[in-house]
Amino acid sequence: MSPDARVLTEWFAKRARPLPWREPGTSAWGVLVSEIMLQQTPVARVEPSWHEWMARWPVPSALAAASPADVLRAWGKLGYPRRALRLRDAAAAIAITHNDVVPSDVDTLLALPGIGAYTARAVAAFAYRKRCPVVDTNVRRVIARSVHGAGDSGPASTTRDLADADALLPADDELAAQMSAALMELGATVCTARNPRCADCPVFDDCAWQQNGRPAYTGPVKPVQKFAGTDRQVRGLLLDVLRDTSSPVPKSRLDVVWSEAGQRERCLDSLLVDGLVEQTTDGLFALPGDQ
DNA sequence: CATGCGTGGAC
DNA sequence: TGTCCAAGCAT
C-alpha cells in the first residue's frame with residue numbers, strides 16, 4: 001500500500017523532466033545552488049538564473065568573492081532575496097572551512113546559513129548519492145496520499161516526515177537517491193496539489209488514497225499568504241529601485257514607491273537590518289557593496 | 001510551533 | 001485584480 005521503489009525509479013528514468021542540475025557531472029555546488037533557488041520558487045523561473053550563476057560563479061569561492069550588490073542583482077526577481085545573501089555566506093564558509101568543497105555530511109551542511117532540513121538532505125542525496133530521506137512539500141503530499149490515504153498532507157513535522165520517507169527508501173544508496181528524486185518528481189508533475197493526474201500515476205494501484213475513494217483533505221486549513229499591501233510587497237518595491245540603479249540614490253527615490261510613510265520606513269529599516277540595503281556616509285541608499 | 005519573508009503563473 | 005501555489009528557512 002505504498003509506492004514501490006522499482007516501479008517509481010523506472011518511471012522516473014523514463015518520464016522525469018530533463019532539468020539541468022540533474023545532468024550527470026553537475027557539481028555538488030551546482031546542486032546546492034539549484035536547491036537554494038528552488039526554495040519556494042518554481043522550476044521554470046529558476047532555470048535561466050541557474051545557468052547564469054554556474055557560468056559566472058562555478059565554485060563557492062567565486063561567489064564568496066562577489067559583492068552582495070552583484071549577487072542581489074544576479075538573483076534578480078527570484079524572490080526572498082535573503083536567500084541570495086545566505087548562499088553567499090554559505091559559499092564563504094565552504095571556501096574557507098571546507099577547501100571550496102561542498103560538504104556531504106548532513107550535520108555539516110545544516111550548520112551552513114540558509115541550509116535547513118530539506119536542503120541538507122537534498123545535497124547529500126542528489127549530489128553525493130546517499131541514502132538520505134529528502135522531504136519537501138511534494139514528498140509530504142505523495143506520502144500523505146499514497147501511504148496514509150489522506151487528501152493532502154497536514155502541518156509539517158520534521159521527525160515524523162523523515163521517518164515516513166525513510167520507510168520507503170531501498171537499502172542501496174544509489175537506488176535510494178533515485179527514489180527520493182522520483183518521489184519529488186511525482187509530486188511535482190503527477191500527484192499535484194490541485195488536479196492530480198491520477199490516470200498517469202505509476203503507483204495508482206498501490207495508492208491508499210485511491211483505495212480510500214479519494215477522500216477530501218480534512219486536516220487544519222493552511223493559512224493563505226496575502227501579498228498585496230504587506231511588508232513583503234513594499235520591501236520588494238524598495239529593492240527593485242536599488243537593483244535598477246548603478247549608483248546610490250537619495251531617500252526621495254525610495255519614498256515614491258509606497259505612499260504610507262510608516263510602513264515604508266519600517267520596511268526600509270528591516271532591509272537595513274537584513275543587510276539587503278546599505279546607507280552611505282552621505283545618507284544615500286544602495287545595495288550593500290555598491291559604495 | 002506559527003509567522004514573515006518575494007514573485008509571478010495558473011485557474 | 002481574486003485565490004492558490006511553488007524543491008523552505010530562521011526566529
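Proteins get letters first, then strands, A, B, ... in listed order; numbering begins at 1 in each.
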Presence of salt bridge, [Y] and [X], under 4.0 angstrom:
| X | Y | result |
| --- | --- | --- |
| A:Asp200 | A:Arg197 | yes |
| A:Asp136 | A:Arg140 | no |
| A:Lys14 | A:Glu10 | no |
| A:Glu47 | A:Arg17 | no |

Classify the side-chain pair A:Tyr118/A:Glu35 by whether it contains a donor and acceptor separated by less than 3.5 Å.
yes
Does the side chain of A:Gln178 pick up a donor-acceptor pair with the side chain of A:Glu174 at under 3.5 Å?
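Yes - a donor-acceptor pair under 3.5 Å links their side chains.
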Considering only atom [atom1], compute the distance from [N] to [M] and round it to an integer number of Å.
| N | M | atom1 | result |
| --- | --- | --- | --- |
| C:dT11 | B:dG6 | P | 14 Å |
| C:dA7 | B:dC11 | P | 15 Å |
| B:dT7 | C:dT1 | C1' | 16 Å |

Side-chain donor/acceptor pairs under 3.5 Å, residues 233-241 of chain A, sequence neighbours excluded:
| from | atom 1 | to | atom 2 | distance (Å) |
| --- | --- | --- | --- | --- |
| A:Gln233 | OE1 | A:Gly229 | N | 2.6 |
| A:Arg235 | NH1 | A:Ser270 | OG | 2.7 |
| A:Arg235 | NH1 | A:Asp274 | OD2 | 3.0 |
| A:Arg235 | NH2 | A:Asp274 | OD2 | 2.8 |
| A:Asp240 | OD1 | A:Arg243 | NH2 | 3.0 |
| A:Asp240 | OD2 | A:Lys77 | NZ | 3.2 |

Think [X] has a side-chain N or O under 4.0 angstrom from the OP1 or OP2 of [N]?
| X | N | answer |
| --- | --- | --- |
| A:Arg194 | B:dC11 | no |
| A:Lys226 | C:dT3 | yes |
| A:Thr119 | C:dC9 | yes |
| A:Arg83 | C:dA7 | no |
| A:Arg141 | C:dA6 | yes |
| A:Gln40 | C:dG8 | yes |

Should the side chain of [X] and the base of [N] be counted as holding a donor-acceptor pair, with the cut-off at 3.5 Å?
| X | N | result |
| --- | --- | --- |
| A:Arg45 | B:dT7 | yes |
| A:Gln225 | B:dC5 | yes |
| A:Thr41 | B:dG6 | yes |

Given that A:Ala228 and A:Ile115 both sit by DNA chain C, which one's nearest nucleotide is further toward the 5' end?
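Closer to the 5' end of DNA chain C: A:Ala228.
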Quick check on DNA chain C: between A:Val43 and A:Leu112, whose nearest nucleotide comes earlier from the 5' end?
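Counting from the 5' end, the first nearest nucleotide belongs to A:Val43.
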Taking only the side-chain heavy atoms of [X] (C-beta and beyond), determine which of [options] contains the nearest atom.
| X | options | value |
| --- | --- | --- |
| A:Met184 | C:dA6, B:dG6, C:dA7 | C:dA7 |
| A:Lys77 | B:dG6, B:dG8, C:dC5 | B:dG8 |
| A:Arg82 | C:dG8, C:dA6, B:dC5 | B:dC5 |

A:Pro155 vs A:Gly236, nearer the 5' end of DNA chain B by closest nucleotide
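It is A:Pro155, whose closest nucleotide lies nearer the 5' terminus.
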Of A:Asn195 and A:Gln233, the one whose closest DNA chain B nucleotide lies more 5'
A:Gln233
To the nearest angstrom, how far is [X] atom [atom1] from [N] atom [atom2]?
| X | N | atom1 | atom2 | answer |
| --- | --- | --- | --- | --- |
| A:Tyr118 | C:dA10 | OH | P | 14 Å |
| A:Arg86 | C:dC9 | CZ | C1' | 6 Å |
| A:Asp269 | B:dC5 | CG | P | 13 Å |
| A:Asp274 | B:dT3 | CG | P | 20 Å |
| A:Leu32 | C:dA7 | CG | P | 18 Å |
| A:Gln263 | B:dG4 | CD | P | 13 Å |
| A:Met37 | B:dT7 | CE | C1' | 15 Å |
| A:Leu186 | C:dA6 | CG | P | 14 Å |

Over all strands shown, is A:Arg17 touching base, sugar-phosphate only, or nothing at heavy-atom distances under 4.0 angstrom?
base
